[in-house]
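What follows is a single structure, written as structure tokens, with notes after it.
The analysis underlying the following values was restricted to heavy atoms, covering all of them including side chains, and did not include hydrogens, waters or symmetry mates.
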Protein chains: 2
Amino acid sequence: MAKRANPKAGTQVTAQDVARTIGVSQSTISRAFSMTASISEEMKHRVIKAANKLGYQPNVIARSLITRQTNMVAIVMANLVDPFYPVVLDELVQQVQAAGFQTLLFVPSAGQKVDDIIPNLLQYQVDAIILTSATISSAMARICAARDTPVVSFNRYVPGLKIHAVSSDNVGGGRQVADYLVATGHERLAFVAAQRDATTNRDRRSGFLSRLKQLKIETCLQEEGGEFSYEAGYAAAKRLLRQAKRPDALFFASDVMAFGGIDAARELGLSVPGDVSIVGYDDVPLAALPSYALTTIRQPVHEMAKAAMEILGLGGERGAASAPENRIVRGTLITRSSTMDRRAARRLREIAPA
Amino acid sequence: MAKRANPKAGTQVTAQDVARTIGVSQSTISRAFSMTASISEEMKHRVIKAANKLGYQPNVIARSLITRQTNMVAIVMANLVDPFYPVVLDELVQQVQAAGFQTLLFVPSAGQKVDDIIPNLLQYQVDAIILTSATISSAMARICAARDTPVVSFNRYVPGLKIHAVSSDNVGGGRQVADYLVATGHERLAFVAAQRDATTNRDRRSGFLSRLKQLKIETCLQEEGGEFSYEAGYAAAKRLLRQAKRPDALFFASDVMAFGGIDAARELGLSVPGDVSIVGYDDVPLAALPSYALTTIRQPVHEMAKAAMEILGLGGERGAASAPENRIVRGTLITRSSTMDRRAARRLREIAPA
DNA sequence: TTGAAAGCGCTACCAG
DNA sequence: CTGGTAGCGCTTTCAA
């Protein structure tokens with residue numbers, strides 16, 4: 001017989017204890033804490049009272065062993081530094097909790113591959129996995145599928161990979177920016193890219209460039225930022241703005257990059273938007289502050305999180321989608337004072353030249 | 001007999017399955033995945049090979065039922081909006097993971113009391129609880145104590161409450177700011193407070209004010225911000241800076257408040273630091289950017305997290321502290337260009353008056 | 001070193 | 001509606 005091996009043993013009040021004190025069976029205690037089981041109101045009250053007196057709380061770990069549901073959702077956050085991600089995490093966690101689930105958070109440490117941590121999460125028998133800006137191998141996707149653990153990739157997708165994905169309409173966002181900058185009379189445009197392989201980066205860029213081509217705008221410089229970071233945006237902007245024929249509008253792959261771009265421009269003695277317009281992507285909280293007042297595409301984080309929950313079967317009607325779904329939610333252009341209408345300025349100059 | 005009630009059943013490969021395929025007992029499989037149990041190298045290899053082929057992964061949920069250790073640490077984050085908290089969360093999660101634990105994250109939704117969610121976490125049998133900028137009642141503290149679940153309050157403490165606490169030296173930080181502002185020739189100082197009951201707010205303020213008194217500086221305005229928010233800082237600064245005899249230095253209870261203060265000053269046509277010096281508290285990443293370049297007290301987040309882990313017994317040597325510990329880590333003054341030396345400026349004016 | 005068996009705390013089935 | 005009982009997948013004695 002297994003005798004109390006652990007010093008902590010005995011600390012916990014079990015259903016058995018409650019059962020004994022009021023002289024009923026342990027099953028009855030279980031029923032009192034179940035929504036579905038049938039139990040008389042009177043008995044339920046007796047149980048609850050005794051439970052409270054003893055400080056009994058059902059052990060959900062033991063429960064999950066039988067129900068095969070831990071009610072835990074794993075969230076893998078590849079990045080917490082970019083201010084966009086706290087927003088995403090907040091939204092995700094709120095919705096997970098609202099659906100009655102707990103969040104098991106994992107932040108890969110530097111150099112740790114997401115593939116390596118999935119088995120860990122699986123061992124914890126999580127009911128679903130949400131990957132933000134991270135990807136897994138198709139082998140790992142298969143392992144998750146074999147265990148019936150749905151996986152959704154948030155803010156990124158991998159064509160051909162058989163997991164669900166939710167992202168905002170990055171191609172459409174790029175197009176919106178192109179339309180807007182052209183409509184406001186910008187003539188020498190530039191796109192500052194981030195990680196080559198990130199779908200967010202690729203789609204924003206291709207939407208932007210293809211629309212410019214449609215609009216017969218020929219001059220679009222492209223600069224590799226390398227990363228979605230302030231420093232990358234800063235360095236790229238410096239390079240672009242020091243050119244002889246410098247661009248009159250810079251579109252950055254993300255807001256933080258754009259912040260770097262604005263600071264770089266100011267450091268060069270250029271006015272934003274007077275000399276150069278700056279556009280970002282995400283609409284992080286900082287973009288709204290007067291110091292940057294950044295024109296940007298707002299990512300519909302709330303809707304994206306909702307879509308993720310639905311796909312995972314944690315939303316309204318339960319039951320995860322079986323075929324890999326790829327949901328795309330449309331963003332909105334938010335215009336602030338990091339951009340301006342150059343036609344008006346030009347007209348003004350024509351009427352009253354300096 | 002309980003027959004597979006759940007549709008998901010059968011999906012999982014169990015130790016029993018592995019045992020059958022290589023014709024050994026299930027206990028042997030268990031031993032192969034245990035550090036301590038004695039098993040021959042050869043057998044271990046056989047087991048691991050078979051396990052890999054079948055895709056077997058131990059079910060840690062089942063394990064924890066016996067070991068009474070889930071290896072999960074609950075982190076309660078009252079706030080993810082203030083940019084200081086993502087930094088804290090990142091650090092905390094990294095250290096929790098490095099110690100071999102998983103993070104169960106809880107973000108109270110608007111209006112949700114922390115006391116109400118603790119039972120939830122306890123049901124998940126977490127091994128420890130970390131509360132950031134949140135407090136629980138002494139009744140709840142007692143419940144946790146009765147279950148031997150250590151609780152540490154991070155960046156806040158409640159005198160008299162019997163839980164562990166880790167914070168930075170907020171009194172000392174306030175003092176450092178006072179010393180610095182006085183030494184650099186500021187004469188009309190102001191402190192912008194946040195939540196009255198927050199120990200962070202109280203201590204920073206009392207350190208600041210008491211040192212000023214020691215230094216025989218009489219004029220220190222105090223303004224209630226109300227909250228640790230950009231808007232609160234902005235509004236408070238507007239009120240202070242519109243006064244006839246306006247202050248020449250503002251010390252805000254936090255960085256985000258200070259950002260609001262800087263923007264307010266600029267909106268009023270005042271130069272920072274030319275007309276007014278601004279000091280914050282926390283040293284969030286944004287404080288380092290040129291647009292704000294905020295002088296502030298850097299909170300030693302890494303050291304604070306380390307202290308929390310030690311107290312909880314998750315650090316180097318295991319074993320939680322039994323008596324409530326209150327650890328205080330010292331911060332550092334980081335001077336940037338939101339403040340200036342007014343003595344130099346004054347001397348200059350005396351030599352060559354405008 | 002290995003196998004057999006008990007049981008962690010709970011749910012789910014079966015009778016009554 | 002309630003009690004009895006069989007296990008969820010695992011660790012841990014105890015014997016061999």
Side-chain angles (χ1 to χ4, degrees), chain A residues 1-20 22-47 51 54-71 122-125 147, chain B residues 1-20 22-47 51 54-71 122-125 147:
Chain A
M1 203 189 75
K3 246 319 191 46
R4 347 229 76 178
N6 193 294
K8 215 167 150 181
T11 303
Q12 184 166 336
V13 183
T14 72
Q16 196 59 255
D17 299 330
V18 181
R20 263 194 297 269
I22 56 173
V24 296
S25 78
Q26 182 264 331
S27 332
T28 300
I29 312 303
S30 171
R31 284 195 268 264
F33 285 89
S34 147
M35 309 284 104
T36 53
S38 55
I39 183 173
S40 69
E41 272 305 307
E42 189 215 330
M43 178 63 86
K44 191 163 179 174
H45 266 95
R46 269 217 296 161
V47 172
L54 295 180
Y56 168 76
Q57 291 280 125
N59 182 333
V60 303
I61 294 295
R63 171 185 296 160
S64 72
L65 200 54
I66 303 177
T67 60
R68 286 154 178 287
Q69 275 226 112
T70 52
N71 276 23
L122 255 20
Q123 287 187 14
Y124 273 87
Q125 318 292 121
R147 298 188 47 139
Chain B
M1 202 189 75
K3 248 315 190 49
R4 348 228 76 173
N6 194 294
K8 216 165 152 181
T11 303
Q12 185 167 337
V13 183
T14 71
Q16 195 61 254
D17 299 330
V18 182
R20 262 194 298 269
I22 56 172
V24 296
S25 77
Q26 181 265 327
S27 335
T28 301
I29 312 304
S30 171
R31 287 189 186 103
F33 285 89
S34 145
M35 310 284 104
T36 54
S38 57
I39 183 172
S40 68
E41 270 308 306
E42 188 215 330
M43 178 62 88
K44 192 164 179 173
H45 266 94
R46 269 217 295 161
V47 171
L54 296 180
Y56 169 75
Q57 292 280 124
N59 182 333
V60 302
I61 294 295
R63 171 185 295 160
S64 73
L65 199 55
I66 303 177
T67 61
R68 285 153 179 290
Q69 274 225 108
T70 53
N71 275 24
L122 255 19
Q123 287 187 12
Y124 273 86
Q125 317 293 121
R147 298 186 47 135

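- Minimum atom distance to the side chain of B/R31 is reached by C/dT2, of the listed C/dT2, C/dA12, D/dG3.
- Rounded to the nearest 0.5 Å, atoms CG (B/D17) and CD1 (B/I22) are 12.0 Å apart.
- The minimum heavy-atom distance linking A/T36 with A/S34 is given by the pair N-OG, 3.2 Å.
- Spacing between atom CD of B/Q69 and atom C1' of D/dT12 amounts to 16 Å, rounded to whole angstrom units.
- In this model, the phosphate group of D/dT11 is approached by a side-chain N or O of B/S30 to a distance below 4.0 Å at OP1 or OP2.
- A straight line from CD1 of A/I61 to P of D/dT11 spans 15 Å, rounded to a whole angstrom.
- Residue-level contact check: A/V24 touches the backbone only, with heavy atoms under 4.0 Å from sugar-phosphate atoms and none from bases.
- A close approach under 4.0 Å does occur between a side-chain nitrogen or oxygen of B/S25 and OP1 or OP2 of C/dG3.
- Rounded to whole Å, the distance from CD on A/Q123 to P on D/dT11 is 10 Å.
- Interatomic distance, CD of B/E42 versus NZ of B/K44, reported as 13.5 Å (0.5 Å rounding).
- For A/T28, the side chain to side chain contact (heavy atoms under 4.5 Å, CB included) partners are A/V24, A/S25, A/R31, A/I39, A/M43, A/V47, not counting sequence neighbours.
- Across the protein-nucleic acid pair, B/I66 atom CD1 and D/dC8 atom P stand 13 Å apart, rounded to whole Å.
- Under 4.0 angstrom from either OP1 or OP2 of C/dG3 there lies at least one side-chain N or O belonging to B/T28.
- With the nearest nucleotide of DNA chain C identified for both B/L65 and A/S64, B/L65 has the one nearer the 5' end.
- Residues forming a ring pair (Phe, Tyr, Trp, His ring centres under 6.0 Å) with B/Y124 (at least two apart in sequence, or on another chain): none.
- Atoms CD and CD, on B/Q16 and B/Q26 in that order, are 5.5 Å from each other to the nearest 0.5 Å.
- Note on A/S27: a base of the nucleic acid sits closer than 4.0 angstrom, heavy atoms only.
- Distance B/N59 CG to C/dC8 P: 18 Å, rounded to the nearest Å.
- For the pair A/Q12 CD and C/dG7 C1', the computed distance is 15 Å after rounding to whole Å.
- Heavy-atom distances under 4.0 Å link DNA chain D to A/S38, A/I39, A/S40 of residues 33-41 of chain A, given in residue order.
- To the nearest 0.5 Å, atom OG1 of residue B/T14 and atom CD1 of residue B/I29 are 9.5 Å apart.
- To the nearest angstrom, P of D/dG7 lies 15 Å from CD of B/Q26.
- A straight line from CZ of B/R63 to P of D/dT12 spans 9 Å, rounded to a whole angstrom.
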